[in-house]
Amino acid sequence: MRLWALLRKEVLLLLRDPHALAVLFLMPTLFLVLMAGAMSSYMQDKPPALRLIIEAAQADDASQFFRDALQAQLPDSQLLDESSERLARVRLPEGFAEHLLDSPHQGPSLSFPAQFDKLSRQRLHSAVSIALAQTRLLAYLEDSGVVEAELSRAQRLQLVQQRTQSRIDEQEQLASGDLSGRANATQLSVPAWLIFGMFFVVLPMAGGFQREQQSGTLLRLRCLGLNLGTLVLSKLLPYLAINLLQFVLLLAIGVYGLPLLGLPALSLPGSAAAYLLLALSVALATCSLGLLLAALARSNEQALLLGGGINIILAALGGVMVPKSVMPAAMAQLAEISPMSWALDAFLTLLVGHGSLADIAPYCARLLLFAALFGIGGLLLFTRRVRHTQWTTHY
Amino acid sequence: MLELCNLGYSYPGSSRPALQGIDLQLRAGECLGLLGSNGAGKTTLLSLLSGVLALQQGELRWSDHPSLGLVPQQLAFYAGLKVRENLELFADLYRLRGSERRQRLQQCIDICALEDKLARRSEQLSGGEQRRLNFAIGLLQPAELYLFDEATVGVDAGSRQQLLGAVEQLTAEGKTVIYTSHYLEEVERVAQRILLLHEGQVRLDLDKRQLLGDDHGLLLEWPGPPPAGLSELLARLQLTAEALPKGLRIAALNGQQLLAITEFVAAQDGLPNLLRFGRPSLEQLYLRLNGGRL
């Protein structure tokens, strides 16, 4: 009865705390949506369409063939003859058709506006190289009399493509760990900001305990001879439940909400048991950290600063803010100390690596060990703190 | 009901004990007014009685299972909960059930005049209303010993009378009360016995009537030093006066003596700050006993 009363009280207090609700639900949702949107052009399954200008000195067949071959390499992209916009430009040199069989050969020149990103430059460079090779191959085949004269341009392109393309089999290997380099914006943003949001339960948890102590209610609870286990459970259980609710809600936003904004939907491969294990492992880690923080902080303000600071550092280290795949090796190694990194790796193992419960077990084991260590430390300090609650006087 | 034997306590790192050699017997139906200036040891004594501090020296002997109702100085409730929710929560924590629960809740709501505040968030109550809620939560607990520590600070005069009435009702029902407050008129009203602590020791432990007596005395205070000739007048009238920080007090005097003194005062150039004839108040006695310190 006492535990139930205390649990009900914690939930009521939390539901009436708009700041806590904003930190736990609104903040991670906003981060999730904004960051998924912001990263969507870089981290996507399909490369973005390009717009570029092709400048040819002569309107001959070879230049036209090159243009078709390039379009085939960049199927969604727009190849323009002219534009007033600042676009990437492919300039075919004077006498392009005549010099195709020269060795060494002078290819087209490329110019890029400053805002043209590195990845797109590389993509355009590769596409131009392939289109040029195909154009030169056609010139060689024509020169050798292999190509029938009545073939249309499209048929010639098809012929060259047949001669230059090989079937390459791709096999997806199941993998675990940091798969942020392979993840799309949704696969990276949803788990990253979900984990970040889950860790923020430490703030209301620690803050609530400070208020309880400062107001003297803890003194009342002590004088009631309340079992310490009941008190600790009354602090842990509501926040474990909140963590699980965050887990479900934010995943649902990834699955159903992001597609409404034109972003890729999150798909959840793997077993429900794996997700449940992961959710419980993260929730236990966050709640044990919250308990420790509650025992360590001496005021609500201190709890806020400590909790917020620790979370931001763990997130920055753990690949939540910057994916580990773009970190230098030393930083990526340092990231391994953050429990957020373990949780994120486990998530990516499920979402990107199509891993199973066994594949995420090592990460969950680390999180559970973290929960055990911080939980024991938190419990000892919490007990000490409760036992040292004094009868305070102000007058 | 409760016996304290040679109770002592020293805080770590402190050179002198916070409490020393406290022997005290508390009887059922008795209200003990606990007085003492800051640092005298009141809080330490309350902490030991409530089990907040572990006993270091001496013994606490309860005649029955210890049960304690508590009204601390702090507003010890959840500000984010409504008044009713706070009362219900503590009723649950006190393990109150059935008709006893309903009866006690209603009684506390009535005594502390909270009926029309039940649906309001506790943080939205005025300071005095919050104090009344704090009081109600302490009163809600079925206990044999109730500790009230500055329980009425900020409460308006009308409500205060009601709360003091509730304390008197507790003792009438045979409960034991320890009441500490800097409002000495409150202690004078509710306590039957006064315990004065000074530097961790009992300086005085007396029945209130015995302490205040039945004699009428005179209290005189001046803006500056006492007028010339007063000492001679008092000697001639064969009166003994006790010096107070701003004046003097004469414990007992008759009509003739009172007339002579008032004529002397009237003949002076300036009027005194205070001239009061009657039974001494606890505050006057306390100031006298505690070296002028509240």
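So that the names make sense, note that chain A is the first sequence line, chain B the second, and so on, each numbered from 1. Heavy atoms only: backbone and side chains are in, while hydrogens, waters and symmetry mates are out.
- The CG atom of B:D92 sits 10.0 Å away from atom CZ of A:R2, with the distance rounded to the nearest 0.5 Å.
- Heavy atoms closer than 4.5 Å to chain A are found nowhere in B:L49, neither backbone nor side chain.
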**Report entry** Worked verdict on B:F77 versus A:R220 for side chain to side chain contact (heavy atoms under 4.5 Å, CB included)
**Finding:** CA-CA 9 Å; B:F77 51 77; A:R220 270 202 209 274; 5.6 Å; no

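- You'll find the side chain of A:C223 reaches within 4.5 Å of the side chain of B:V52, heavy atoms only.
- With a 4.5 Å cut-off on non-hydrogen atoms, B:K42 does not touch chain A at all.
- At distances below 3.5 Å, not a single donor-acceptor pair connects side-chain atoms of B:Q74 with backbone N or O atoms of A:T217.
- A:R211 does not touch chain B: none of its heavy atoms, backbone or side chain, sits under 4.5 Å away.
- We find the OG-CG distance between B:S47 and A:L219 to be 7.5 Å, quoted to the nearest 0.5 Å.
- For B:K117, the salt bridge (charged side-chain N to carboxylate O under 4.0 Å, His left out) partners at least two apart in sequence or on another chain are B:E129.
- Chosen from B:N86, B:L68, B:L46, the residue pairing most often with chain A at heavy-atom distances under 4.5 Å is B:L46.
- For residues 3-33 of chain A, the interface with chain B (any heavy-atom pair closer than 4.5 Å) comprises A:A5, A:L6, A:K9, A:L12, A:L13, A:R16, sorted by residue number.
- In this structure, chain A has a heavy atom under 4.5 Å from the side chain of B:L53, while its backbone stays farther away.
- Of the atoms belonging to A:R222, it is side-chain heavy atoms, and not backbone ones, that fall under 4.5 Å from chain B.
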Requested in this report: Go through the steps for B:R97 and A:M1 under the test side chain to side chain contact (heavy atoms under 4.5 Å, CB included), then give the verdict.
Outcome: CA-CA 11 Å; B:R97 286 177 196 197; A:M1 181 177 167; 3.1 Å; yes

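- With values rounded to the nearest 0.5 angstrom, A:S215 atom OG is found 11.0 Å from B:Q130 atom CD.
- More than 12 heavy atoms of other residues, nucleotides or ligands sit less than 6.0 Å from atom CD of B:Q124.
- Put simply, of A:E212, A:R387, A:H388, the one with the most heavy-atom pairs under 4.5 Å next to chain B is A:E212.
- With a 4.5 Å cut-off on non-hydrogen atoms, B:E88 does not touch chain A at all.
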